Amino acid sequence: QVHLAESGGGLVQPGASLRLSCAASGGARSGYYMGWFRQAPGKEREFVSGIRWRDGTTDYADFMKGRSTVSRDIAARTMTFQMSSLKPEDTAVYYCAQKGFDGSVFDQEAYNYWGRGTQVTVSS
């Protein structure tokens, strides 16, 4: 059983930066891909970014391209997500998740393990 724990959320002003981390533990080995999703109040959960564990290939949702960077530390089994130029519409609970080889990286149904989420609030 893989356990994922997010950290780094908080309250920031518009235009600020924030770094989220996801630490993985348990399980026989690291998964194929780890992703970030977010869910704002009243909205469905959506893909934000992710990284292929083996070679570091990254993906970003259009709304995060150019103002975010996802990375991983293989030895520490952690994934980091650096966001900048944050906007009020970025306010959401951010989740990290892990998936195997099957399914699309953009489809939350393809992910086997989820963290409990960390709140990000962007407000002046």
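For clarity, every value in this text was computed on a predicted model and none was experimentally measured.
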- Task: For the pair Arg38 and Met64, evaluate side-chain contact (heavy atoms from CB on, under 4.5 Å) and give the outcome as yes or no after the intermediate values.
- Result: CA-CA 12 Å; Arg38 72 183 186 184; Met64 274 297 175; 3.8 Å; yes

[X] side chain to [Y] main-chain N or O, any donor-acceptor pair under 3.5 Å?
X: Thr91; Y: Val122; result: yes
X: Asp107; Y: Ser104; result: no
X: Arg67; Y: Ser85; result: yes
X: Thr121; Y: Leu11; result: no
X: Tyr60; Y: Val70; result: yes
X: Ser49; Y: Asp59; result: yes
X: Glu6; Y: Ser21; result: no

- Query: More than 12 foreign heavy atoms under 6.0 Å from CD of Glu44: is that the case here?
  - Reply: no

- Message: Check this for me: Asp102, atom CG, are more than 12 non-hydrogen atoms of other residues, nucleotides or ligands nearer than 6.0 Å?
- Response: no

- Query: For Ser71, what residues pass the side chain to side chain donor-acceptor pair (under 3.5 Å) criterion, not counting sequence neighbours?
  - Reply: none

- How about Val120 and Leu18: do any of their side-chain heavy atoms sit closer than 4.5 Å? yes

- Flag the pair Gln108 / Trp114 as yes when at least one side-chain heavy-atom distance between them is below 4.5 Å, and no otherwise. yes

- For the ring pair Phe37 and Tyr111, is the centre-to-centre distance below 6.0 Å? yes

- Yes or no on side-chain contact (heavy atoms from CB on, under 4.5 Å) for Trp36 and Met79, after CA distance, side-chain angles and deciding distance? CA-CA 9 Å; Trp36 288 100; Met79 175 176 62; 3.2 Å; yes

- Does Arg45 make a cation-pi contact with Tyr95 (under 6.0 Å, within 45 degrees of the axis)? yes

- Message: Would you compute the distance between atom CE of Met34 and atom CZ of Arg77 and round it to the nearest 0.5 angstrom?
- Response: 8.0 Å

